[in-house]
Asks: 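What follows is a structure written as structure tokens; I'll ask about it next.
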Amino acid sequence: MKKWIKYFIYILPVTLYFSYYPLIHFGASESMNFEISLPIIWLLLFDILAFIILIRQKKLLRELKGKWMWLLFPIFLTISVLWSLNSLRGLLTIGILWLIYFAVYAMFELKSLFDKDFQKTFLKWFFGATIVICVWCFIQCLLDIFGVFREYSLLCEGCTYSRFGFPHPNGFSIEPQFMGNLLIAPAMIICWILLRKQNSKNLERKSSRGDNFYNGSVGAHTKLQFRDSLRDRCKNYSGSDFLDSKFLPFCLLLISSTLFLTFSRGAIYAFIVGMIFMTVFLLARKKGRIVKRVGLVWGLVLFSFLFTLNIQGLMAEIGPTNDTYKIGVSKVLNHLSLGIIDIRDEVVENPVENFEEGGKEEAIFDGYVKESTDVRLNLNDKAMKVWSKDFMTMMFGVGLGGAGQALYVNGLSDSPKEIIQNQYVSLLLEVGIIGFLLFILTLGLIIKAVLKKNNVSMILSLMLAFGISLLFFAGLPNALQIYLLVSILVFL
């Protein structure tokens, strides 16, 4: 059954990309929708299989002694369901959270499976699935530009050309922001591999000093053997022979281009901040020896942005709206810079449903959508008002899953289904100061464990990027990639 565990982990990246399509819908209540996605099904099946294996090997709960602090956060969240304003949503949320906890625990107990062959195979699946989904995202844009209905392209309602004059893809996820968040991890892992990769000159210097490379000395290596050793090192990190084919740089170009194509400010900002942290971290550790590689990686990222910028301009030019290439480019720069960069010639007021004589329609938005930012900030303010209304709410919150209902009963929202687009504010409102402090404790325990790992720079950078992204949406418990991918990387 151990092989099945490996297979389940191999297909995890594939499953994560199908986070919304297909979706099994069971109905809805006044305060929530009842749906189940492929990643949730994967999580449930993985936990069942891992549970059976741990029972057979008599490992279940064996390593929990002395790890009680890790359980304080989920235990408190479980108790908070008792006073939740939406207890059903709270029960479903904590159920998924416990499934995530058990999956991570099972990976820890079965970490002997994470050998070098597993690493290579997992990253092959990961990068392969990511390449396929990136290609699909570009296809989605083309389908929309040429008038294919959303029912076939699977674009979300707010993703079509009618918004900005060019589409921004959501893949098989619910929205572009979620799609962009899914691309953060593979893009940053590839950047880390490229930044860490040694060249043959470094190996030759090491050989002259008699240094070991992996399991043996390289002192007697010829130049051909140096090249072969470097190739083996790339294989260990990436799962394929990328040295001669230049496949990793191509992967980075495609993935980061798709990330920019999603037009998700939250995901893009998070990726850039994570990359800056990783670069500074590795430069400090390597004492400046990776400057050329830093230039290569950031050059690829910059090229990806410029490439995507031109693609968006071209889509605006050939699309059904009357936008031109320049207007499309100016909209991108204006929106991503929060209105700071403005090279637009003319701003059209209230262009909705405004058609010109040629039959071409005006795009709804002409640049930075300030309303989008204002809505999110207003929701944060409303959540803080509810949280600060009395001492008990400040300390214990309104209960897990009760944020939307709390806004609704206090007359601050039109629907109990409202979601606060900031995970930290939402968490503070639902579980109060006590729960938030336990969350910080858990985060500290994770960082402490990660500091012992060889890939600490990659994991910390990825955690920071995901942490930044949670400022723009609520990822508990739907964004499984944040919790499961980081956990797998810890054990690689």
Side-chain angles (χ1 to χ4, degrees), residues 1-27 32-65 67-68 70-79 81 87-115 117-119 121-126 129 172-173 182 185 400-401 442 446 449 475-492:
M1 295 187 74
K2 287 185 177 180
K3 288 186 177 180
W4 283 102
I5 281 288
K6 281 190 173 184
Y7 294 148
F8 262 82
I9 298 179
Y10 291 155
I11 67 172
L12 173 60
V14 181
T15 307
L16 289 173
Y17 286 120
F18 292 89
S19 60
Y20 193 72
Y21 295 105
L23 190 70
I24 303 174
H25 186 71
F26 297 103
M32 62 183 297
N33 298 319
F34 300 105
E35 302 166 336
I36 186 169
S37 62
L38 284 183
I40 297 297
I41 294 174
W42 179 95
L43 180 62
L44 180 61
L45 294 177
F46 175 83
D47 280 359
I48 292 173
L49 184 60
F51 181 81
I52 294 172
I53 293 176
L54 292 176
I55 287 290
R56 287 185 175 183
Q57 296 183 353
K58 298 180 180 180
K59 290 184 176 182
L60 190 64
L61 307 181
R62 190 183 66 178
E63 297 289 341
L64 285 182
K65 186 178 180 181
K67 305 291 185 181
W68 57 271
W70 290 85
L71 299 176
L72 292 177
F73 180 59
I75 288 175
F76 182 80
L77 263 61
T78 304
I79 297 173
V81 175
S87 57
L88 179 56
R89 184 183 182 93
L91 281 171
L92 294 174
T93 301
I94 196 59
I96 295 175
L97 186 62
W98 277 113
L99 288 176
I100 293 172
Y101 258 76
F102 185 79
V104 175
Y105 167 72
M107 291 177 191
F108 173 77
E109 286 289 357
L110 301 171
K111 58 187 175 183
S112 59
L113 300 175
F114 294 79
D115 53 20
D117 290 335
F118 173 86
Q119 295 174 30
T121 306
F122 174 77
L123 290 177
K124 280 182 181 180
W125 279 83
F126 194 10
F172 296 103
S173 60
L182 284 164
L400 187 65
T442 303
I446 295 172
L476 180 68
N478 296 317
L480 296 186
Q481 71 273 8
I482 293 178
Y483 319 109
L484 296 179
L485 287 180
V486 172
S487 301
I488 292 174
L489 293 173
V490 168
F491 298 118
L492 284 183

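Owing to the predicted nature of the structure, the values given are computational and were not obtained by experimental measurement.
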Asks: Check whether more than 12 heavy atoms from other residues, nucleotides or ligands sit under 6.0 Å from atom OH of Y21, and answer yes or no.
Replies: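 More than 12 heavy atoms, drawn from other residues, nucleotides or ligands, come within 6.0 Å of this atom.
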
Asks: Working to the nearest 0.5 Å, report the span between CG of L38 and CG of L45.
Replies: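 Those atoms lie 10.5 Å apart.
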
Asks: Which heavy-atom pair separates A50 from A106 by the least distance, and what is that distance?
Replies: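 Minimum heavy-atom separation between A50 and A106: CB-CB, 3.5 Å.
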
Asks: Does CH2 in W125 sit with more than 12 non-hydrogen atoms of other residues, nucleotides or ligands closer than 6.0 Å?
Replies: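 No, the 6.0 Å shell around CH2 holds no more than 12 heavy atoms from other groups.
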
Asks: Does the pair Y105 and L54 meet the rule for a side-chain contact (heavy atoms from CB on, under 4.5 Å), with working shown?
Replies: CA-CA 10 Å; Y105 167 72; L54 292 176; 4.0 Å; yes

Asks: I would like to know whether M32 and L92 meet side-chain contact (heavy atoms from CB on, under 4.5 Å); could you show each step before the answer?
Replies: CA-CA 11 Å; M32 62 183 297; L92 294 174; 3.4 Å; yes

Asks: Please lay out, stage by stage, how F172 and Y17 fare under the test ring pair (Phe, Tyr, Trp, His ring centres under 6.0 Å).
Replies: CA-CA 6 Å; F172 296 103; Y17 286 120; 9.2 Å; no

Asks: Before you tell me yes or no, could you show the steps for L485 and L16 under side-chain contact (heavy atoms from CB on, under 4.5 Å), namely the whole-Å CA-CA distance, both residues' side-chain angles and the distance that decides it to 0.1 Å?
Replies: CA-CA 10 Å; L485 287 180; L16 289 173; 3.9 Å; yes

Asks: To the nearest 0.5 Å, what is the distance between CD1 (I94) and CD1 (I96)?
Replies: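 Interatomic distance, I94 CD1 to I96 CD1, rounded to 0.5 Å: 10.0 Å.
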
Asks: Which heavy-atom pair separates L182 from S173 by the least distance, and what is that distance?
Replies: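 Answer, listing the atom of L182 first, then S173: CD1-CB, 4.4 Å.
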
Asks: Quick check for you: to the nearest 0.5 Å, what is the distance between L99 atom CG and I48 atom CD1?
Replies: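 The distance works out to 9.0 Å.
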
Asks: Should the heavy atoms of other residues, nucleotides or ligands under 6.0 Å from CZ of F34 be counted, would the total exceed 12?
Replies: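 Result for CZ/F34: enclosed.
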
Asks: Just to verify, which of F126, F122, F118, F46 counts as forming a ring-ring contact (aromatic ring centres under 6.0 Å, His included) with Y10?
Replies: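 Of all the options given, the one that passes is F118.
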
Asks: Could you grab the distance from atom CD1 of I41 to atom CD1 of I24, nearest 0.5 Å is fine?
Replies: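 One gets 4.0 Å once the value is rounded to the nearest 0.5 Å.
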
Asks: Heavy atoms, side chains only, cut-off 4.5 Å: are L480 and I40 in contact?
Replies: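 Result yes, sub-4.5 Å side-chain heavy-atom pair found.
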
Asks: Does a side-chain heavy-atom distance below 4.5 Å link V104 with W70?
Replies: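 Not touching, per the 4.5 Å side-chain cut-off.
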
Asks: Just how far is it from atom CG of L12 to atom CD1 of I488, taken to the nearest 0.5 Å?
Replies: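 L12 CG to I488 CD1: 4.5 Å, rounded to 0.5 Å.
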
Asks: Rounded to the nearest 0.5 Å, what separation is found between the CD1 atom of I446 and the OH atom of Y483?
Replies: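 I446 atom CD1 to Y483 atom OH measures 10.5 Å (nearest 0.5 Å).
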
Asks: What closest approach, in Å, do T78 and P74 show between heavy atoms, and which atom pair accounts for it?
Replies: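 That closest heavy-atom pairing would be OG1-O, 2.7 Å.
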
Asks: When you compare the side chain of L43 with that of F8, does any pair of heavy atoms fall below 4.5 Å?
Replies: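 They are not in side-chain contact.
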
Asks: Considering non-hydrogen atoms only, spot the tightest contact between F18 and V14 and give its length.
Replies: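 Distance-wise, the nearest heavy atoms are CD1-O, 3.1 Å.
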
Asks: Any idea which heavy atoms bring S487 and M107 closest together, and the distance?
Replies: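 Of all heavy-atom pairs spanning S487 and M107, the closest is CB-SD, 4.2 Å.
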
Asks: If you look at every heavy atom in A103 and L484, which pair is closest and at what distance?
Replies: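 In this case the closest contact between A103 and L484 is CB-CD2, 4.2 Å.
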
